[in-house]
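All ligand and atom numbering here is 1-based and tracks the order in the structure.
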Amino acid sequence: AKAEGRNRWRYFTPAMQKAAEIRSRTVADLRSALALGQFYLQYQPIVELESGKVHKAEALIRWQHPVHGIISPAEFIPIAEESHLIIDIGNWVFQQASRQVACWQTAYGSDFQISINQSPVQFHGESSAHWASDLNRMGLEGNSIVVEITEGLLLDASETVSRQLLAYRDAGIQVAIDDFGTGYSSLSYLKKFDIDYLKIDQSFVRNLTPDSSDRVLCEAIITMAHRLGMKVIAEGVETQQQGDILKLADCDYAQGYLFSRPLSADAFAGFMLE
Ligand code: C2E
Ligand code: CA
Ligand code: CA
Ligand code: CA
């Protein structure tokens with residue numbers, strides 16, 4: 001017990017101290033970032049494979065830090081979740097995306113949709129309870145917004161989570177399962193909740209070749225999704241071959257560098273002109 005105690009003690013020495021300091025400084029920076037206007041959204045086109053048309057985009061947040069430059073969401077979202085700052089940040093993302101979708105529905109048609117990523121912490125804080133009425137007030141249909149969530153949220157779906165998903169359904173706000181296939185082996189949540197889209201995770205697309213087992217998995221996911229009345233979006237599509245295999249497999253939509261990287265709102269408008 002003594003040795004264990006000593007080990008534990010050694011575990012919490014300078015390096016960890018340092019990491020904790022960096023973290024708390026980041027939390028402080030994050031706290032002021034919203035007020036200082038340091039966040040912005042980029043939009044990645046989601047292409048309908050059959051027609052080649054784009055009437056969807058995913059909003060992805062970026063942080064322009066005054067000292068460290070552009071910080072990726074993979075770095076700061078976990079810290080924002082832990083500190084619950086994600087609630088304010090998530091509401092900002094929703095607001096920003098709603099304004100953008102209003103503008104793009106005028107430009108590209110009333111079926112244009114923007115999807116936003118929603119963290120489980122936002123569900124537990126019930127911070128999206130007012131989204132439906134916000135859309136309504138802006139004169140937008142509920143299905144202007146697609147909310148991307150991960151499997152983990154649904155696996156242990158609490159009363160709170162279920163209630164909010166039902167509220168989305170009532171409002172017409174659509175729901176996508178992000179990173180599908182990476183989270184949990186249980187699929188029972190697919191019949192329990194009203195899911196509109198499955199997003200096939202990049203890890204199944206990365207090594208997609210005609211003879212790969214990933215091709216079998218993608219085809220199986222697509223068949224299952226369609227039979228359950230869902231559409232499928234493949235993520236991380238980088239090569240023509242991947243795009244061709246997915247189209248042949250009847251995948252509905254694709255997103256990835258093959259078509260476009262995430263773009264500023266202005267650059268997105270330029271992309272749509274092409
Ligand atoms: P995600 O939702 O799975 O988003 C897809 C990520 O893949 C994005 O990284 C995107 O830039 C990247 N990507 C797109 N096409 C390709 C491709 O062809 N190849 C490769 N290798 N990557 C591609 P990003 O923007 O760095 O975002 C990382 C993650 O951060 C997102 O993963 C999402 O989980 C989270 N995130 C981003 N924005 C938000 C947000 O507003 N709120 C929350 N809660 N999370 C966010
Ligand atoms: Ca996503
Ligand atoms: Ca729905
Ligand atoms: Ca994803």
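Both the backbone and the side chain of I61 come within 4.0 Å of ligand 1, counting heavy atoms alone.
Residues D244 and K247 are not paired through a salt bridge, judged by the lack of any N-O separation under 4.0 Å between the basic side chain and the carboxylate.
Within the 4.0 Å heavy-atom cutoff, R261 does not count among the residues contacting ligand 1. Residue contact annotation: D178 has a non-hydrogen atom under 4.0 Å from ligand 1.
Proximity of atom 41 (O) of ligand 1 to the protein is indicated by at least one non-hydrogen atom lying closer than 4.0 angstrom. For atom 32 (O) of ligand 1, the protein comes within 4.0 Å by no heavy atom at all. Checking atom 3 (O) of ligand 1 against the protein gives a heavy-atom contact under 4.0 Å.
Counting only non-hydrogen atoms, the option in G90, S115, P73, S72 that gets closest to atom 36 (N) of ligand 1 is P73. Atom 13 (N) of ligand 1 has its nearest heavy-atom neighbour, among Q202, R62, R206, E235, in Q202.
Aromatic ring orientation, F39 versus W92: tilted (interplanar angle from 30° to 60°). Using bins of under 30°, 30° to 60° and over 60° for the plane-to-plane angle, the ring pair Y43/W104 lands in the perpendicular bin.
In the hydrophobic clustering, L60 connects to no other residue, as no ILVMFWY side-chain heavy atoms lie under 4.5 Å from its own.
Side-chain N or O atoms of D214 include none that pairs as donor or acceptor with a backbone N or O of V205 at under 3.5 Å.
For the residue pair Y197 / Q174, a side-chain donor-acceptor distance below 3.5 Å is found, with atom types taken as modelled.
Protein N, O or S atom count below 3.0 Å of the Ca ion (ligand 3): the structure gives 3.
Protein atoms that are N, O or S and lie under 3.0 Å from the Ca ion (ligand 4) are these: D178 OD1, D179 OD1, E235 OE1, E235 OE2.
Interatomic distance, L41 CG to I114 CD1, rounded to the nearest 0.5 Å: 8.5 Å.
For ligand 1, one of its N or O atoms has an N or O atom of Q44 under 3.5 Å away.
Applying the side-chain hydrogen bond (donor to acceptor under 3.5 Å, both in side chains) definition to pairs two or more places apart or across chains, those involving residues 70-83 are R23-E82, E81-S119.
Residues P66 and Q38 approach most closely at CD-NE2, 3.4 Å, considering heavy atoms.
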